Amino acid sequence: MTPETLAEKVLSATRAAFEALALDAAVIPARTAVERPRDPKHGDYASNIALQTAKKAGTNPRALAEKIAENLAAADGVAKVDIAGPGFLNITLDAAAAGEIAGKIIAAGPSYGDNASMADEHINLEFVSANPTGPVHVGGTRWAAVGDALARVMRASGAKVTSEYYFNDAGVQVNNFAASLLASAKGEPTPENGYAGGYIDDIAQAVLKVRPDALETDDPQAVFHEVGVELMFAEIKQDLDNFGTHFDVYFNEKDLHDKGELDAAVARLDQQGHIFESEGAVFLRTTTFGDDKDRALKKSNGEWTYFAADCAYYLDKRERGFDKLVLMLGADHHGYIGRMQAMSQAFGDKPGTLEILIGQMVNLLKDGQPVRMAKRYGNVITLNDIVEAIGVDAARYVLARYSSDSTIDIDIDLWTKHGNDNPVYYVQYAHARTSGVLRNAAERGFDKGDSYDASLLDHPRESDLLKALAEFPAVVATAAALREPHRVARYAEELAAAYHRFQHDCRVLPFPDEEATPVNTARLWVVDATRVVLANALGLLGVSAPERM
RNA sequence: GCGCCCGUAGCUCAGCUGGAUAGAGCACUGGACUUCUAAUCCAAUGGUCGCAGGUUCGAAUCCUGCCGGGCGCGCCA
């Protein structure tokens with residue numbers, strides 16, 4: 001029995017109790033959830049439904065709980081229902097009902113964990129979107145890990161997700177980048193507001209390789225601009241690819257300009273009556289929708305602002321048919337939320353169409369001291385540096401296992417020196433152990449067969465493990481709904497712990513001089529189910545699930 | 001000044017949108033290897049959940065006000 005079906009049974013038992021006691025059933029919630037109590041004395045699952053509803057129904061929670069318990073105890077698969085404290089229902093399943101889940105998991109395989117909580121949602125998820133003026137650095141790497149995991153978790157929850165990267169390849173930043181390349185090629189010092197660092201020299205040389213005549217052309221900077229940006233794109237894409245983050249769409253800002261989409265977007269906003277001119281500049285009246293001040297779209301010198309391109313990009317996405325646009329930004333951009341939301345509403349979209357997720361920064365430490373990074377000084381730690389130091393799996397895992405609401409401090413030395421402290425190895429090792437047991441079973445000709453006797457799975461370690469396994473789909477759904485993929489990582493750690501404890505206390509394979517018993521068979525099913533769930537959980541994080549370590 | 005985020009064990013962080021005696025990893029201490037790879041397990045130590053009020057059967061969680069830290073407040077991108 002899954003927690004979801006048990007919750008359904010709790011609800012129907014509650015409805016029956018309300019009827020028997022002639023109470024107003026309107027106070028019963030449409031859905032409820034059972035939770036896994038920490039203390040094993042409180043049963044396999046607990047429900048607080050009596051506490052939640054008793055007061056509203058004008059009755060005593062304890063008395064109500066007793067009536068619900070009576071109904072629930074009669075339900076299939078429920079072994080026992082106790083009432084504790086002010087009116088908690090502590091539910092114990094019979095072992096057979098609890099153990100069924102292993103078979104269901106194995107049957108579902110890679111799709112176990114999939115759920116329909118976001119079915120029919122058509123989502124555009126934009127993340128990373130780092131300027132193509134240098135390699136992706138740590139901040140961007142965090143979003144590459146978190147955003148990709150979020151995309152996977154939402155897809156597992158039934159959403160149609162297009163992941164997207166926005167290249168800001170128009171404007172002054174790339175001009176500064178081009179000027180820096182040119183200066184490097186000519187052996188001149190880095191220009192004002194330019195970029196430094198080895199990668200500038202590398203790309204400058206690479207440009208010269210593609211266009212040996214670059215310095216002799218009429219407009220050398222234009223050549224470095226065009227070829228350099230292209231090479232930078234290619235490098236970023238390659239790095240992300242190596243990292244396992246594959247975007248469905250790489251969108252160039254330049255295309256918006258080339259296709260006249262900025263004019264079109266402003267015209268649309270004008271139609272809606274939200275445009276005005278002041279001192280020769282064009283503004284969007286974002287204050288109508290709660291922004292602090294109105295925002296310029298076109299400067300008095302006739303140039304577009306960055307925000308104008310954002311408006312055009314927003315409209316472009318909407319016209320591509322997405323009904324929800326999710327945008328992940330670093331904390332240094334949180335000041336944009338007001339104008340972006342205002343713009344969304346100015347286009348006539350309902351609140352919630354645009355969802356902006358703000359992630360806090362990554363601080364790098366060296367010897368316990370913060371390292372100030374800036375592309376301009378060329379001392380950035382890049383995605384590649386991290387991957388070289390600890391590998392893709394460890395990097396993705398450690399970046400995705402924290403809530404995006406908290407800044408993370410990463411000591412790069414600690415990472416490289418104590419690589420094995422990374423919890424990813426704990427989880428991966430659990431997976432390797434399940435694979436090892438299954439491998440050994442196969443070598444010995446011990447097959448798990450078509451069925452098992454779930455009622456034999458009554459060891460406390462087995463019970464804990466089964467409950468952890470049963471929880472996975474709800475974890476995925478919650479991670480998707482809250483946009484918090486780190487929950488999957490934390491869950492994987494819990495599951496791995498439950499498995500390690502199980503394997504320590506419960507012998508799975510028969511000893512060499514013994515025949516396999518039905519207990520061995522049942523446990524082998526549990527091991528295989530655990531393997532599936534660990535692999536699926538790691539898969540959602542884009543981390544590999546090795547069969548040996 | 002205004003806005004967003006954070007403040008939980010020595011350190012790094014969870015805490016499933018209000019539940020029972022607040023958890024994990026690391027570090028420290030003591031145990032368990034004739035192993036299903038011990039990259040593991042068990043035990044012990046460690047807490048005024050920043051502070052003060054409020055809401056209620058019940059608060060780390062929700063509300064208000066302070067304190068501390070990070071980030072941001074352009075006709076820059």
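Residue numbers begin at 1 in each chain, while the letters A, B, ... track the order of the sequences. The structure displayed is predicted, hence computed values, not measured ones.
- Taking 4.0 angstrom as the limit, A:R62 places none of its side-chain polar atoms (N or O) nearer than this to OP1 or OP2 of B:C57.
- Contact annotation for A:R548: base contact, defined as any heavy-atom pair under 4.0 Å involving a base atom.
- Separating the NE2 atom in A:H274 from the CG atom in A:D270 is a distance of 10.0 Å, to the nearest 0.5 Å.
- Here A:Y426 does not count as stacked on B:A39, because the ring centres are not under 5.5 angstrom apart with planes under 30°.
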- Please walk me through it: do A:F167 and A:K254 pass side chain to side chain contact (heavy atoms under 4.5 Å, CB included)? CA-CA 8 Å; A:F167 271 125; A:K254 198 164 162 293; over 6 Å; no

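- Picking from B:G15, B:C6, B:A20 the nucleotide with the shortest atom distance to the side chain of A:D405 gives B:C6.
- Between A:Y165 and A:Y250, the two ring planes are tilted [angle within 30° to 60°].
- Among the nucleotides B:C71, B:C76, B:C41, the one closest to the side chain of A:A331 is B:C71.
- Between A:S406 and B:A14, a side-chain N or O to OP1/OP2 separation shorter than 4.0 Å is present.
- The side chain of A:H500 approaches B:U40 more closely than any other nucleotide in the set B:G70, B:U40, B:U21.
- Taking 4.0 angstrom as the limit, A:K293 places none of its side-chain polar atoms (N or O) nearer than this to OP1 or OP2 of B:C2.
- Counting atom types as modelled, A:N422 pairs no side-chain N or O with a base atom of B:A39 as donor and acceptor under 3.5 Å.
- Backbone-only contact: A:R461 has heavy atoms under 4.0 Å from sugar-phosphate atoms and none from a base.
- Relative orientation of the A:Y112 and A:F472 rings is tilted, given thresholds of 30° and 60° on the angle between their planes.
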